[in-house]
Undergrad: 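Have a look at this one before I ask anything.
Remember, it's 1-based here, ligands and their atoms both numbered in the order they're listed.
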Amino acid sequence: MTDVTFDAHLIDRLRSAQHIVVLTGAGMSAESGIATFRQGPSALWTNVDPEEVATPKAFGRDPERVWRWHLERRDSMAAAQPNPGHIALAELEQHVPRLTLITQNVDGLHRRAGSHNVIELHGNLLQARCATEGTIYDTWPAPPPLPRCPECNALLRPNVVWFGERLDSALLEQAQAASFDCDMLIAIGTSGLVAPAATFPMNARAQRALLIEINPEKTPLSRHVRYGFRQPVGHVLPALVAAAWPPSARALAPLGSPATIKT
Ligand code: BJW
């Protein structure tokens, strides 16, 4: 049971949306037990300087330290399970003509929850990449602390995007194009502080898309959104999807057919 309520306009817009972009950040996976970066005593950047573990310079200086830090996170991600918010997003994708899920998270939980059209903008920590040639490995062929590329013997590195690094240009282009071409954008669990992801909601706004934010805390985006839900995603999103596509109507009506909405 949930005490979140949704107004009829929001439900109408959701049901009639042609292309929804969802932008997720670390708060999306907080309820799966994965630490966020910038919030509270257990946040990652509260406990370690990103310059020490999340820059190419840091990797050049002390690759073992960088690997150790990422391995710890990788293990917690591999053990984590998708939460009700991830599952509600996968369900939402089934209901709308087009949904582009842009995630800054590197935990792979959206795909594990069943989402298909996922852009992993900052990479995937369950993979390693050759630091020289860029070949991606789904598993690490040699044990840490310093795994090496089986093809060229260069160092492998975590397949993530560190500060000061360019994002994969094809993924960035896809994400940018989607943000300029949607009628609704839902920002979930991101502080909106890291570029270029932080610019996507304003791209969508410039095209008059409806902006929604789900985040217990206010962010720089908050003053621009039409609907701001100041609660955890697991509290809001499953209820929102159920309000737009009530389970009883789902049993009776094919997807996309009209149904009476009670809000
Ligand atoms: C909940 C919740 C619940 C909690 N439900 N919500 C000035 C100086 C230097 C650099 C720059 C600068 N200005 C701009 C830059 C560029 C830089 C940047 O943006 N820096 C800012 C910090 C200022 N960006 C880059 O460097 C990017 N590259 C780039 O721009 O390249 C350009 C270039 C051009 C030419 C040559 C070279 C380069 C790359 C950025 C890479 C970011 N990498 C990281 C690590 C990824 C790998 C990994 O995870 O291991 O990405 S940093 C970290 O921040 C991670 C995240 O994806 C990213 C965003 O954080 P996110 O997801 O928003 O998390 P939090 O913790 O900040 O927020 C969580 C939110 O959830 C909070 O609001 C909570 O309230 C909420 N929440 N529980 C819903 N249950």
Undergrad: Anything under 3.5 Å between an N or O on ligand 1 and a protein N or O? List each pair with its distance, or write none.
TA:
residue	atom	partner	partner atom	Å
ligand 1	5 (N)	V233	N	3.0
ligand 1	19 (O)	A195	N	2.7
ligand 1	24 (N)	A195	O	3.1
ligand 1	26 (O)	G164	N	2.7
ligand 1	28 (N)	E165	O	2.8
ligand 1	31 (O)	E165	O	3.1
ligand 1	43 (N)	V161	O	3.0
ligand 1	49 (O)	R73	NH1	3.4
ligand 1	49 (O)	R73	NH2	3.0
ligand 1	50 (O)	R73	NH1	2.5
ligand 1	51 (O)	H122	ND1	3.2
ligand 1	54 (O)	R38	NH1	3.2
ligand 1	54 (O)	R38	NH2	3.2
ligand 1	57 (O)	Q104	O	3.1
ligand 1	57 (O)	H122	ND1	2.8
ligand 1	60 (O)	R38	NH1	3.0
ligand 1	62 (O)	A26	N	2.8
ligand 1	63 (O)	T190	OG1	2.7
ligand 1	63 (O)	S191	N	3.0
ligand 1	63 (O)	S191	OG	3.3
ligand 1	66 (O)	F37	N	2.7
ligand 1	66 (O)	R38	N	3.0
ligand 1	67 (O)	R38	NH1	2.7
ligand 1	67 (O)	S191	OG	2.5
ligand 1	68 (O)	S191	N	3.3
ligand 1	71 (O)	G27	N	3.4
ligand 1	71 (O)	G189	O	3.1
ligand 1	73 (O)	N215	ND2	2.9
ligand 1	75 (O)	N215	OD1	2.7
ligand 1	80 (N)	E31	OE2	2.8

Undergrad: Should I186 and Y227 be marked as a side chain to side chain contact (heavy atoms under 4.5 Å, CB included) after you check the CA-CA gap, both sets of side-chain angles, and the distance that decides it?
TA: CA-CA 9 Å; I186 312 176; Y227 294 97; over 6 Å; no

Undergrad: How far apart are the closest heavy atoms of L109 and I34, and which atoms are they?
TA: CD1-CD1, 3.7 Å

Undergrad: Would you call the rings of W162 and F59 parallel, tilted or perpendicular if under 30° counts as parallel and over 60° as perpendicular?
TA: tilted

Undergrad: Taking the inter-plane angle between the rings of W69 and W45 on a 0 to 90° scale, is it parallel (under 30°), tilted (30 to 60°) or perpendicular (over 60°)?
TA: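 Correct class here is parallel.
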
Undergrad: Within the distance-only criterion (no hydrogens, no angle test), does the side chain of E133 pair as donor or acceptor with the backbone N or O of A131 below 3.5 angstrom?
TA: no

Undergrad: What side-chain donor-acceptor pairs closer than 3.5 Å can you find for residues 192-205, not counting sequence neighbours?
TA:
residue	atom	partner	partner atom	Å
T199	OG1	P196	O	2.6
N203	ND2	S179	OG	3.0

